[in-house]
Every structure is written in structure tokens, then in C-alpha cells.
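Keep in mind that this is a model prediction, so the values were computed, not measured. All values below were derived from every heavy atom in this structure, side-chain atoms included, with hydrogens, water molecules and symmetry-related copies excluded.
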Amino acid sequence: MTKQRVAVLISGRGSNMQALVRAARAPDYPAEIVAVISNRPGAAGLAFARDNGIPAEAIDHKAYPDREAFEAALHQSLLRHRAELVACAGFMRILTPGFTRRWAGRMLNIHPSLLPAYKGLHTHEQALADKATRHGASVHFVSEELDGGQVIAQAAVPVMEGDTAETLAARVLNVEHPLYVKALELVASGKVQFKTSS
Ligand code: GRF
């Protein structure tokens, strides 16, 4: 089978990226991870990628005068790696509309909430403050609106009595990994398509 070429963007730990790398080793998985790119040179995930024979690259956003210059370097790198899809996984840079438009329908992100609830940061704290009984994670296409693009797949977890942001985050992270593997499979195999109107 022809696998879709996927670049994963990270900023830190990279546990979701690791889940994608492991899943993509299966011969029948419709995507291969062709590059791991971090905007932070010290991201722990880069070492994992290198250890696993995947081209790993740091593009330090601090080395560029503005977002556009950083994104131009990122775009060039994605072209160099001949990426067909981009999977943001704990990638902590806000992308400009110019960039998201170029990759519309081809760029995914994982967000730790049941979107459209709790866009942005501190989602676990927000769920606890709201006394939500369910929380979870979503994989969505990246659009101009932060955490606002078409949802591809979601996974829910219960909020338990006595949860802290940390215990809740850990429960959510456990479902993030299989969720991202499934969502990337759906997109790479063409089973889920981007609706241009959304
Ligand atoms: C995950 O919770 C993800 O949903 C959020 O940032 C965290 C990244 O974790 N966007 P990791 O780097 O994949 O371990």
C-alpha cells in the first residue's frame, strides 16, 4: 500500500508523536512518519525520533524575527520532507492564517478537551472549575480559528471525585494516544474528508 507521508510537529515530551510512530510501523497502517520537527531545540521528543531512525529537526522560533519568517522555514522543511499531511502533537505555536490556509485539510491537531468545549490552554482546570462530569480529547483539522477546525474524532473520559488537573490530564492523555492513531488513520486512508465549507 502507498502510505501517506506525515510530518509530526512537537514542542516537548512528544508522547502523542511516539504513539503515531509506533502505530505507523505496522505495514497496513496508511501513514508513515517521515519527519519530526520541533520549535524547541530541547524537546525530549526529538531524541526519541532520532533513536527510532526518523529525521528529527529543530526549527527554533526564537531564531526568526516574526511568525511569518518562522513559518516560512517550517513550510520549506515540510516541502523538503515531502510531507503530505502534518500532525501537530503538543505543538505550542499559534499558526497564522497564511500558514493554516496552505495546509488546509492536510494538517491535524490534538486538543485535550471535547471540542467545542474549552478551546485554548488550561483545559483540565476549566473542566474541573465547571464541575464537568465528562472530559476528553479531540483530533481536528487545523483552521484559522484556534482549536476551531472540523473535528475528526473524539474520546471521552469521566471526571472523578477528587480529580486534580494532573490526574485528569493523565486520564485524558491515556485516551489521546489511541485516538490520534485512529484519527490519522481515518484521514490518511481517505475515510474522513475535509469539508471545505467548515
Ligand atoms: C497533549 O495533552 C495534547 O493534547 C496537548 O499537549 C499535550 C502534549 O503531550 N496539545 P505530548 O507532547 O504529546 O506528550
Side-chain angles (χ1 to χ4, degrees), residues 4-25 31-113 118-125 137-149 165-166 169-170 172-173 176-177 180-181 183-184 187-188:
Q4 291 274 297
R5 297 176 63 83
V6 179
V8 184
L9 306 187
I10 63 168
S11 295
R13 174 177 61 182
S15 69
N16 279 288
M17 174 272 293
Q18 294 185 26
L20 296 179
V21 166
R22 292 196 172 99
R25 285 187 191 132
E32 65 176 312
I33 310 303
V34 297
V36 172
I37 302 169
S38 171
N39 67 303
R40 296 205 183 116
L46 287 174
F48 171 88
R50 279 189 201 107
D51 290 347
N52 283 272
I54 295 169
E57 190 181 339
I59 302 177
D60 185 353
H61 64 276
K62 292 196 189 122
Y64 296 87
D66 52 34
R67 276 185 201 279
E68 284 74 14
F70 164 69
E71 289 175 352
L74 181 56
H75 188 69
Q76 284 311 312
S77 170
L78 294 171
L79 295 183
R80 246 188 344 265
H81 291 293
R82 290 185 287 120
E84 295 167 294
L85 294 171
V86 180
C88 300
F91 180 65
M92 301 304 283
R93 294 303 290 168
I94 289 176
L95 296 163
T96 67
F99 190 86
T100 59
R101 266 188 235 120
R102 276 179 177 172
W103 289 92
R106 300 184 293 151
M107 184 160 51
L108 289 62
N109 180 47
I110 187 156
H111 180 74
S113 79
Y118 314 133
K119 295 175 181 174
L121 296 174
H122 309 302
T123 59
H124 311 301
E125 287 85 347
S138 308
V139 176
H140 63 94
F141 284 110
V142 175
S143 70
E144 290 179 33
E145 189 201 340
L146 183 68
D147 303 322
E166 289 70 32
V172 171
L173 192 67
E176 285 186 35
H177 300 157
Y180 214 166
V181 168
L184 180 61
V187 173

**OP:** Report the C-alpha separation of F48 and V36 in whole Å, then their side-chain angles, then the decisive distance to 0.1 Å, and conclude whether the side-chain contact (heavy atoms from CB on, under 4.5 Å) test is met.
**Re:** CA-CA 10 Å; F48 171 88; V36 172; over 6 Å; no

Original post:
Between atom CG of L95 and atom CZ of R102, what is the distance when rounded to the nearest 0.5 Å?
Top reply: 11.5 Å

Subject >> Partner set under salt bridge (charged side-chain N to carboxylate O under 4.0 Å, His left out) for E144, not counting sequence neighbours >> reply: R101

Original post:
Between R67 (side chain) and I94 (backbone), is there a donor-acceptor pair under 3.5 Å?
Top reply: yes

Original post:
Which residues satisfy the salt bridge (charged side-chain N to carboxylate O under 4.0 Å, His left out) test with E57, sequence neighbours excluded?
Top reply: R80

Subject >> Donor-acceptor under 3.5 Å (Q4 side chain, L85 main chain) >> reply: no

**OP:** Determine whether the side chains of S15 and H177 contain a donor N or O and an acceptor N or O closer than 3.5 Å.
**Re:** yes

Subject >> Under the salt bridge (charged side-chain N to carboxylate O under 4.0 Å, His left out) test, residues paired with E166 that sit two or more places apart >> reply: none

**OP:** State the SG-CD1 distance between C88 and I110, to the nearest 0.5 angstrom.
**Re:** 11.0 Å

Subject >> D147 versus G120, closest heavy-atom pair with distance >> reply: OD2-N, 2.8 Å

Original post:
How many angstroms lie between CG in L108 and CG in L20, if you round to the nearest 0.5 Å?
Top reply: 9.5 Å

Original post:
To the nearest 0.5 Å, what is the distance between CD1 (I37) and CD1 (I59)?
Top reply: 5.0 Å

Original post:
Using 30° and 60° as the class limits, which term best fits the ring planes of H111 and H140: parallel, tilted or perpendicular?
Top reply: perpendicular

**OP:** Find the distance between NE2 (H124) and CG (L173) and round it off to the nearest 0.5 Å.
**Re:** 8.0 Å

Subject >> Side-chain ion pair, K119 and E145, N-O less than 4.0 Å >> reply: yes

Original post:
Where is the tightest heavy-atom contact between A137 and E176, given as atom of each residue plus distance?
Top reply: CB-CG, 3.6 Å

**OP:** Take Y64 and E71, measure what side-chain contact (heavy atoms from CB on, under 4.5 Å) needs, and give me the verdict at the end.
**Re:** CA-CA 9 Å; Y64 296 87; E71 289 175 352; over 6 Å; no

Original post:
Should we count CZ of R82 as having more than 12 external heavy atoms under 6.0 Å?
Top reply: no

**OP:** Provide the closest heavy-atom pair for L78 versus A7 in the form atom of the first, atom of the second, distance.
**Re:** CD2-CB, 3.5 Å

Original post:
What pair of heavy atoms forms the shortest contact from T100 to S143, and how long is it?
Top reply: CG2-O, 3.8 Å

**OP:** Taking all heavy atoms of R93 and all of F70, pick out the closest pair and write down the distance.
**Re:** CG-CE2, 4.1 Å

Subject >> Sole residue of V6, V8, V139 in side-chain contact (heavy atoms from CB on, under 4.5 Å) with L184 >> reply: V6

**OP:** Taking all heavy atoms of A89 and all of N16, pick out the closest pair and write down the distance.
**Re:** CB-CB, 3.9 Å

Original post:
How far does CD1 of I10 sit from CG of L46, to the nearest 0.5 angstrom?
Top reply: 4.5 Å

Original post:
Tell me, do H75 and W103 make a side-chain contact under 4.5 Å, heavy atoms counted?
Top reply: yes

Original post:
So, T123 side chain and S113 main chain: donor-acceptor pair closer than 3.5 Å or not?
Top reply: no

Original post:
Would you find a donor on one side and an acceptor on the other, under 3.5 Å apart, between the side chain of N52 and the backbone of I54?
Top reply: no

